[in-house]
Engineer: 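Take a look at this one; I'll ask things after.
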Amino acid sequence: MQVQENYSLKSYNTFGIAAKARFFVSVATISELKEALASPLHPTKFILGGGSNMLLTKDIDALVIHISLKGIEVLSEEKNHVTVRVMAGENWHEFVLYTLKQGWGGLENLSLIPGNVGTAPIQNIGAYGVELKDRMVSCKAVSVADGSEHTFPLEACEFGYRNSIFKHRLKGQFVITEVVFQLTKHEHDLHTEYGAIREQLKTLGITEATPKDIAEAVIAIRQQKLPDPKTLGNSGSFFKNPVISKTDFERFQTLFPEAPYYIVSETEIKIPAGWLIEQAGFKGKRFGDAGVHKNQALVLVNHENATGEEIWNLAMKIQKAVHERFGITIEPEVNII
Ligand code: EPU
């Protein structure tokens, strides 16, 4: 186990924040992971996956364990289904592209989401009408406390909108090591109901879409709206879309009839936080190196050398302004460290 000291995490978080790990180790096997978790020299541990859903507001005074477990394996194959296991350290988008190359359907709407496979279940990644929970069979995790291995079937993960058991009840207690998906070979469950996808397919001249076509449409939409973390540090949507009661919504709608919304259930309505932030005047704004993306106000960006604290201060300023204007509280989606 090769432990480094005072190690810069700038290239390990998609915000590109130059915070440091007091100790750092990258693990490529389950036994290395267990060894790192059991290290008596470093009592505090911090698990780092793709670094795509966190904002580092300070240095990490712990042993940072970077999950670098790799591998993709077909577990079983039937007429129309394939069950595939993928290790936590694989890059999410590269895995999606791999499945599409094999002709498998299911993950196309989740193309180009930054981060690694192991982080995907934690926040139940979702886009354009599909969430990870719709395709996942189970995931495996190692206990931080004693290194024991556990399998979590889908139902045990308590998935919700950008939420799972790993984000609340079991927060920080398990390291996800692998995820198992069931994908389709022929009869695909395609989701093209999002207006943006339908329009993009039309632009591409496609009438009978395949999973690959949908992935191409999603990639084009995301590239137009969302910044590439390789060129502009960001963590995707910084805030969750707020869900409000029908009663609050009726009041809101009389004041802002033009606001977009999605019906979640008979009693709940979701309002796009991007719209609220844009209306509050923040879209494209820059405060030093911390900013709000010019094409999607839900995304905060690091123009180069912003500190995590500067990004956090901007987030708080936005939260306050949105609350003052609309009476709605928007909560961060990213983990604030
Ligand atoms: N909008 C604005 N101004 C903005 C941004 C959005 O008015 O600056 C409006 C749009 O015009 C549209 C509505 O808000 O009417 C929704 O926008 P969009 O379709 O871009 O989706 P979103 O609700 O802002 C969510 C996810 C994204 C995901 C897209 C597509 C959350 C927090 N975000 O964004 O996920 O890609 O839907 O499904 O749910 C992520 O989690 O990192 C992420 C990018």
Side-chain angles (χ1 to χ4, degrees), residues 13-15 49-55 92-93 96 107-116 119-134 159-164 167 191-200 214-215 217-229 232-244 252-253 256-264 268-285 291-301 311 315 318-319 321-322 325-326 328-335:
N13 69 102
T14 58
F15 251 126
S52 62
N53 204 38
M54 62 178 202
L55 176 65
W92 174 261
H93 180 59
V96 173
L107 301 179
E108 54 280 355
N109 294 49
L110 304 176
S111 297
L112 216 60
I113 294 184
N116 286 356
T119 355
I122 298 178
Q123 54 151 339
N124 181 27
I125 57 168
Y128 310 106
V130 176
E131 289 183 333
L132 174 112
K133 72 166 173 52
D134 304 323
F159 285 127
Y161 167 58
R162 295 294 191 277
N163 212 351
S164 76
K167 238 180 145 172
H191 283 261
T192 54
E193 65 271 22
Y194 261 63
I197 293 197
R198 279 203 310 270
E199 279 159 33
Q200 193 63 37
I214 296 177
V218 168
I219 290 169
I221 299 164
R222 291 187 77 98
Q223 281 173 342
Q224 279 158 26
K225 278 197 179 181
L226 300 165
D228 178 354
L232 185 60
N234 76 90
S235 195
S237 303
F238 191 90
F239 296 98
K240 286 192 262 198
N241 287 331
V243 176
I244 60 174
F252 171 82
Q253 207 184 24
F256 308 99
E258 72 286 13
Y261 62 92
Y262 320 107
I263 296 167
V264 177
E268 289 178 316
I269 316 284
K270 197 189 268 182
I271 315 283
W275 185 86
L276 299 170
I277 299 167
E278 178 172 351
Q279 297 301 309
F282 284 95
K283 193 169 184 170
K285 285 276 163 66
V292 179
H293 189 50
K294 61 182 186 343
N295 298 336
Q296 164 55 292
L298 194 49
V299 178
L300 301 192
V301 295
I311 306 258
I318 292 171
Q319 191 185 49
V322 165
R325 175 101 189 257
F326 301 102
I328 293 176
T329 305
I330 51 172
E331 303 284 356
E333 187 206 321
V334 301
N335 295 307

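Below, each value reflects all heavy atoms present in this structure, side chains not excepted, and no hydrogens, waters or symmetry copies. Both counts, for ligands and for their atoms, begin at 1 and track the order of listing.
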Engineer: Within the 4.0 Å heavy-atom shell around Tyr161, which atoms of ligand 1 are there?
Structural biologist: 31 (C), 32 (C), 39 (O)
Engineer: Of the backbone atoms (N, CA, C, O) and the side-chain heavy atoms from C-beta on, which set of Phe238 has a member under 4.0 Å from an atom of ligand 1: side chain, backbone, both, or neither?
Structural biologist: neither
Engineer: Looking only at protein heavy atoms, identify the closest one to atom 2 (C) of ligand 1 and say how far it is in Å.
Structural biologist: Glu278 OE1, 3.4 Å
Engineer: Return the closest protein heavy atom for atom 43 (C) of ligand 1 as residue, atom name and distance.
Structural biologist: Ser237 OG, 2.9 Å
Engineer: Which one holds for Ala297 and ligand 1: side chain close, backbone close, both close, or neither close, with close meaning a heavy atom under 4.0 Å?
Structural biologist: both
Engineer: For atom 30 (C) of ligand 1, what's the nearest protein heavy atom and its distance?
Structural biologist: Tyr128 CE2, 3.3 Å
Engineer: May I ask you to identify the nearest protein heavy atom to atom 5 (C) of ligand 1, giving residue, atom name and distance to one decimal place in Å?
Structural biologist: Gln296 OE1, 2.7 Å
Engineer: Within a distance under 4.0 Å of any heavy atom of Lys225, pick out the atoms of ligand 1 and give their elements.
Structural biologist: 18 (P), 19 (O), 20 (O)
Engineer: Could you tell me whether Phe239 and ligand 1 have an N or O pair separated by under 3.5 Å?
Structural biologist: no
Engineer: For atom 1 (N) of ligand 1, grab the closest protein heavy atom and report residue, atom and distance to one decimal in Å.
Structural biologist: Trp275 N, 3.8 Å
Engineer: Can you sort out the partners of Pro260 under side-chain contact (heavy atoms from CB on, under 4.5 Å), two or more places apart, ordered by chain and number?
Structural biologist: Pro272, Trp275
Engineer: I'd like the name of whichever of Gly129, Gly284, Ala127 reaches closest to atom 28 (C) of ligand 1 through any heavy atom.
Structural biologist: Ala127
Engineer: Residues in ring-ring contact (aromatic ring centres under 6.0 Å, His included) with Phe159, at least two apart?
Structural biologist: none
Engineer: Is Gln123 close enough to touch ligand 1? Criterion: a residue heavy atom under 4.0 Å from a ligand atom.
Structural biologist: no
Engineer: In the protein, what heavy atom is nearest to atom 14 (O) of ligand 1, and what distance, to one decimal place, separates them?
Structural biologist: Pro272 CB, 3.2 Å
